[in-house]
Structures are given as C-alpha cells and as structure tokens.
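Not measured: the values here are computed from a predicted model.
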Amino acid sequence: MRNNRHRIPRPLAPVALAMLLTLPVISARTNTAFAHEGHLFYIGVTVPVERVDASYDKTVDNTGASNPRRGQVFHDNDSDDTFAYGIGFLAGHRIPLLTKEDGYYLSAEVDLAFHGGRAKGQLPGVGDSPGRNQPGESWPDRWSFEKDRSYGFTVKLGGSPGVLRSWDTSVYVLGGIRLIQAQFTNHYRGCPGLVDCTSTDQTAFVSGTDSRSLDYTAWTYGAGVEKMLNEHLALRVETRYTQHNSKRWGELFSDVGVRIPMRLDADDVGLLLSLAWYF
C-alpha cells in the first residue's frame, strides 16, 4: 500500500495560488532598492502548475517461449498528458554582479516540492486473439504515472536593465537539476499459461496490480520575471521545462520463456509561481 503520510493536502495548492494572485493588489509600494544591493538570503513558497507528459512502452518477446506464439515479438505503447499542481518551499542566496547600479545578480537556491496529478491510460494490446490477453500476447494493461515529490538545485542569472530597474522588476534565465520521486502502477488481466484460455473458463485468467517507485534525475531550464512588492517581498513567475531520464526495467517468466522489457519516458513544462522573502 502506498504511503501518503508525507503528502501536502491538495486543498493547499489553490489556497496558495489565490494568495499569489491577490498579494500584488494588497501590497503597499515602498522603496525596494534593498533587494538589489548586497549579498542576500531568501526563503519562499512555490506553486508549480505543470503539463506532465508520460509515455509507456512494453515489448513481449516470445523468442524462446514454449507457448502458441513461440518466436513472435509484440510491441505495445501508450501515452498521456495531464495538468499537475503542487506546493513547495525554497531557500536561496543572491550575489550582485558588476556594480550595484547595474542590477545584475547570480542566485543559487534549493527547493522541495510536493506534486499532484496523474497521467494514465491503457495499452491497446497486441496479439491475434480477440481480447489480446492470451499467453505470449501484449495484454491491454491499464497504467498510471504520478509525481510524488522532488528536490531541486537551481542557478539563476538575471538583472534589471534599463527601465526595469525603475519598475523594481528583474528578468532572469535559470538552469538546474532535480531529483524526482514518482510512482508507476500497472493493472493487468490475462492468461499466463502454456495454452490459450477459453472464454468459458474465467478461472484460468489472472489479474493483479504492479507498483514501482521511480527515482529520476532531471534537468530543468527556463526563464522568469521577479517583481518586488515591498522592501523584502518579491513575486516571481517562471516558465520551466524539465526532461526526465528514461526508466527501463523488465520481467522474465523463465517457466514459459517469455521476456517483457518495459520503458517509461516523461517530461513536463509549466509555470512556477512563488513568493520570496529577502533578509
């Protein structure tokens, strides 16, 4: 059974989003030069809104099998994309570059994010039987992919050239690395034996669920805008693209000689809204 005790309750995400959207209206405008001078530490809260794309590939290799489909190889795949959201926390350090008047800076930050949303689908199934669920076929499994939490280290290079400085606004590019913990689940039903199962004998079919924890190392790229709301508080909006590395695994049913290699690819693109407090 999956352990959810560390999850942030999902209602917090829309609450944090509402907070981010309303703060610019209620914040008083003051002198914000503080955030552009000296070495600064900051902490903050984030709300990621992402479009997650996942692709699941499965191969059933009967090259050495002892079933009616001996020697046949079936390739099957399915993909899905979905909106995901979450909430997170960050801490960082900003260092000014060149002179204070230029407004250029380099930041390094770490963050922790909790995610919601699930990509899911069903393999079409590949085989020569009507249900594509006989021995040696690729069964029409139902699958899902869900990001649980992630940890990131990000470097940002930005500045407030020209009129942006008078608007207490800066723009920046970013790049970083993320460690992502995700969950893949597969629901199957089919005939695993050495001979085809008949539709009248349903007891010959087996069904079950396989769950697999996946740990990704992902690279993130993007750009953002930061607006100072007062002397210490800043609102940020970032666009990010994150590419996960492929995950491969497989199963070998030695009693019938069937190999089933599998692969999952994923990436996401989205917005990251955050509030940062400088001190």
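For residues 200-236, no pair satisfies disulfide (SG to SG under 2.5 Å), with sequence neighbours left out. Among residues at least two apart or in separate chains, there is no disulfide (SG to SG under 2.5 Å) pair with a member in residues 207-240. Sorted by first and then second residue, the disulfide (SG to SG under 2.5 Å) pairs with a member in residues 214-279 form an empty list; sequence neighbours excluded. A disulfide (SG to SG under 2.5 Å) check over residues 110-175, counting only residues at least two apart or in different chains, returns nothing.
Partners of S207 by side-chain hydrogen bond (donor to acceptor under 3.5 Å, both in side chains), not counting sequence neighbours: none found. With sequence neighbours excluded, no residue forms a side-chain hydrogen bond (donor to acceptor under 3.5 Å, both in side chains) with D267. Taking the salt bridge (Lys or Arg N to Asp or Glu O under 4.0 Å) definition, one finds that R263 meets it with D57, D265, sequence neighbours left out. R189 is linked by a side-chain hydrogen bond (donor to acceptor under 3.5 Å, both in side chains) to Q202, counting only residues two or more places apart in sequence or in another chain. Residues satisfying the ring pair (Phe, Tyr, Trp, His ring centres under 6.0 Å) criterion with Y172, sequence neighbours excluded, are absent altogether. Every residue meeting the side-chain hydrogen bond (donor to acceptor under 3.5 Å, both in side chains) condition with Y241, not counting sequence neighbours, appears here in chain and number order: Q243.
In this structure a side-chain-to-backbone donor-acceptor pair under 3.5 Å is missing from T63 to D61. A donor-acceptor pair under 3.5 Å links the side-chain atoms of N230 to the main chain of L233, judged by distance alone. Without hydrogens or angle criteria, S160 side chain to T169 main chain gives a donor-acceptor distance under 3.5 Å.
The one candidate from K147, R240, R51 that meets the salt bridge (charged side-chain N to carboxylate O under 4.0 Å, His left out) condition with D268 is K147.
The two atoms that bring Y42 and A108 nearest to each other are OH-O, 4.1 Å, heavy atoms only.
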Show which side-chain atoms of residues 123-140 pair as donor or acceptor with protein atoms under 3.5 Å away, not counting sequence neighbours.
from	atom 1	to	atom 2	distance (Å)
D128	OD1	R69	NE	3.1
D128	OD1	R69	NH2	3.1
S129	OG	R132	N	3.0
S129	OG	E137	OE1	2.7
S129	OG	E137	OE2	3.2
R132	NE	P124	O	2.8
R132	NE	G125	O	3.3
R132	NH1	P130	O	3.2
R132	NH2	P124	O	3.0
Q134	OE1	C197	N	2.7
Q134	NE2	C197	O	3.0
E137	OE1	N133	N	2.9
E137	OE1	Q134	N	2.8
E137	OE2	R69	NE	3.4
E137	OE2	D128	N	2.8
E137	OE2	S129	N	2.9
S138	OG	D76	OD2	2.8
W139	NE1	Q134	O	3.1

Residues 174-181, side-chain donor-acceptor partners within the protein, below 3.5 Å, at least two apart:
from	atom 1	to	atom 2	distance (Å)
R178	NE	S150	OG	3.4
R178	NH1	D111	OD1	3.1
R178	NH1	D111	OD2	3.2
R178	NH2	D111	OD2	2.8
R178	NH2	S150	OG	2.8

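If you look at Y188 and W143, their ring centroids are not closer than 6.0 Å. Between H232 and Y278, a ring centre-to-centre spacing not shorter than 6.0 Å is recorded.
Both the sub-6.0 Å distance and the 45° axial angle are not jointly satisfied by R212 relative to the ring of F184.
Salt bridge absent: E226 and K156 never bring a charged side-chain N and a carboxylate O closer than 4.0 Å. Salt-bridge check for E251 with K58: failed, with every basic side-chain N at 4.0 Å or more from each acidic carboxylate O.
For S170 and Y105, the side-chain atoms include at least one donor-acceptor pair closer than 3.5 Å.
Taking the side chain as every heavy atom from C-beta outward, D80 and F145 never approach each other to under 4.5 Å.
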